[in-house]
Amino acid sequence: MTRSTPDTTLIQVTRDPLLPWKTSLRTLRRARDLGMEVVVALDARSSAPSLAALRGVAHRVIVFNMQDEWPEGQLNAVLDAGNRQWAFLVSDDEEPSEDLWHFAAHVPDLRDQDGQHYLWRCRMLAPLPDWAAHYRLLDTHQPRYFPRESIRWPGGFDQMPVSKLSEIDFELVLWHYTLWSPREHREEKARRHRKAWAASYELHPWPFPADASYLWEDHPEHYLPLNGYARP
């Protein structure tokens with residue numbers, strides 16, 4: 001029996017995808033194995049072997065020179081470079097659950113009352129490195145599967161995507177491994193995010209919980225057990 005080709009482009013923006021806690025190459029290979037198109041934008045500040053590694057697994061690699069600290073602005077470029085109807089956004093430190101992979105390989109039938117497709121918001125969970133629990137502050141829903149031409153990113157820190165389509169939450173898990181990076185990496189990330197948060201105060205006029213979001217070792221009160229969730 002011939003397997004049908006998913007009408008899905010996996011998109012990703014990455015810097016240094018070969019770092020040991022990054023899941024980029026594993027994710028891109030799995031997408032290719034499932035028949036998805038793979039389009040990646042690579043930050044030119046990445047290590048020298050990164051481009052060759054990505055070209056070995058992606059259909060197209062776009063190299064960009066970062067003008068600021070926030071790569072979200074490159075999401076429009078990878079969306080435009082795709083050829084399939086749907087886009088599946090997976091960051092370079094994330095990995096879909098098996099059920100989410102299956103979902104993203106089949107265009108959903110469900111539509112809104114006007115007959116329009118949805119932006120599908122999967123559940124993002126950040127497991128601790130020992131898989132004993134997940135970090136409650138990083139348990140969220142984000143649009144990650146959507147018609148490719150239906151959405152645009154303004155770019156810049158914490159800028160939400162813009163679309164005319166409605167969003168719908170569902171409980172399939174996208175694992176987010178940001179807590180697996182070395183502490184010094186997370187401390188630097190928290191410093192940059194705190195600075196950017198202050199510079200864009202009008203978007204969110206409340207204090208940024210940078211330390212609590214990333215320095216999980218200092219905040220055991222934010223752990224929740226991973227009961228009921230299957231590891232990838």
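Residues Y177 and E95 bring a donor and an acceptor atom of their side chains to less than 3.5 Å of each other. Defined by atom type and a distance below 3.5 Å, a donor-acceptor pair is present between the side-chain atoms of T14 and D92. Between the side chains of Q12 and S24, at least one donor-acceptor pair of N or O atoms lies under 3.5 Å.
Between R84 and E37, the shortest heavy-atom distance links the atoms NH1-N, 3.2 Å. Taking each heavy atom of A77 and I62 in turn, the nearest pair found is O-CD1, 3.7 Å. Closest heavy-atom contact between D93 and T23: C-OG1, 3.7 Å. The shortest heavy-atom contact between T178 and K189 is OG1-NZ, 3.4 Å. Of all the heavy atoms in N83 and T9, the pair that sits closest is N-OG1, 3.9 Å. Summarising the geometry of F88 relative to Y145, their closest heavy-atom pair is CB-CD1, 4.0 Å, with the distance given to 0.1 Å.
Close placement of the W131 and W175 rings is indicated, their centers lying within 6.0 Å of each other. For H117 and W86, the ring centers are positioned less than 6.0 Å apart. A centroid separation of less than 6.0 Å is found between the aromatic rings of F103 and F170.
Note that CG of D99 is 5.5 Å distant from CG of L172, once rounded to the nearest 0.5 Å. Remark: T27 OG1 to M36 CE distance equals 11.0 Å, nearest 0.5 Å. The CZ atom of R32 sits 9.5 Å away from the CG atom of L28 when rounded to the nearest 0.5 Å. Atom NE2 in H59 sits 11.0 Å away from atom CG in L10 (nearest 0.5 Å). Atom NE2 in H141 sits 4.0 Å away from atom CZ in R123 (nearest 0.5 Å). Once rounded to the nearest 0.5 Å, the distance linking CZ of R194 with OH of Y214 reads 11.0 Å.
Clustering ILVMFWY residues whenever any of their side-chain heavy atoms sit less than 4.5 angstrom apart, transitively, puts L224 in a cluster other than the one holding L174. V162 and L119 fall into different hydrophobic clusters, where Ile, Leu, Val, Met, Phe, Trp and Tyr side chains are chained together by heavy-atom contacts under 4.5 Å.
Remark: side-chain polar atoms of S47 are not paired, donor with acceptor, to backbone N or O of D16 under 3.5 angstrom. D114 places no side-chain N or O within 3.5 Å of a backbone atom of Q116 that could act as its donor or acceptor partner. A donor-acceptor pair under 3.5 Å is formed between the side chain of D7 and the backbone N or O of Q85. A donor-acceptor pair under 3.5 Å is absent between the side-chain atoms of R60 and the main chain of V38, judged by distance alone. Between the W216 side chain and the L179 main chain, a donor and an acceptor come within less than 3.5 Å of each other. Distance alone, capped at 3.5 Å, is enough to place a donor-acceptor pair between the S97 side chain and the V173 backbone. Remark: side-chain polar atoms of D112 are paired, donor with acceptor, to backbone N or O of G115 under 3.5 angstrom. Within the 3.5 Å criterion, the main-chain N or O of L165 finds a donor-acceptor partner in the side chain of S163. Under the 3.5 Å distance criterion, the side-chain polar atoms of H102 are left unmatched by any main-chain donor or acceptor of E98.
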Query raised in the report: Yes or no on salt bridge (charged side-chain N to carboxylate O under 4.0 Å, His left out) for E187 and R192, after CA distance, side-chain angles and deciding distance?
Result: CA-CA 9 Å; E187 288 175 342; R192 290 189 289 109; over 6 Å; no
Report task. Please test D80 against R152 for salt bridge (charged side-chain N to carboxylate O under 4.0 Å, His left out), starting from the C-alpha separation and ending with a verdict. Result -> CA-CA 10 Å; D80 291 344; R152 304 302 288 181; 2.9 Å; yes
Report task. Under the side chain to side chain contact (heavy atoms under 4.5 Å, CB included) rule, what do L54 and L25 come out as? Steps first, then yes or no, please. Result -> CA-CA 7 Å; L54 290 177; L25 295 185; 3.9 Å; yes
Report task. Test salt bridge (charged side-chain N to carboxylate O under 4.0 Å, His left out) on E94 and R144 and set out the steps. Result -> CA-CA 12 Å; E94 298 171 349; R144 293 309 187 96; 2.7 Å; yes
Requested in this report: Evaluate the side chain to side chain contact (heavy atoms under 4.5 Å, CB included) criterion for residues L128 and W180: first the C-alpha distance (whole Å), next the side-chain angles of each, then the deciding distance (0.1 Å), finally the verdict.
Outcome: CA-CA 7 Å; L128 299 188; W180 293 40; 6.0 Å; no
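Summarising the local packing, CZ of R55 is surrounded by 12 or fewer heavy atoms from other residues, nucleotides or ligands at distances under 6.0 Å. Counting heavy-atom neighbours within 6.0 Å of E149 CD, excluding the residue itself, gives a total of 12 or less. The number of heavy atoms from other shown groups lying within 6.0 Å of NE2 (H185) is above 12. Within 6.0 Å of CG on D109 lie no more than 12 heavy atoms contributed by other residues, nucleotides or ligands.
Looking at P232 and P96, their side chains never come closer than 4.5 Å, going by heavy atoms from C-beta outward. Contact annotation: the side chain of R136 never approaches that of Y223 to less than 4.5 Å [non-hydrogen atoms, C-beta and beyond]. Two residues are said to be in side-chain contact when any heavy atoms from C-beta on lie closer than 4.5 Å; S91 and V13 fail this criterion.
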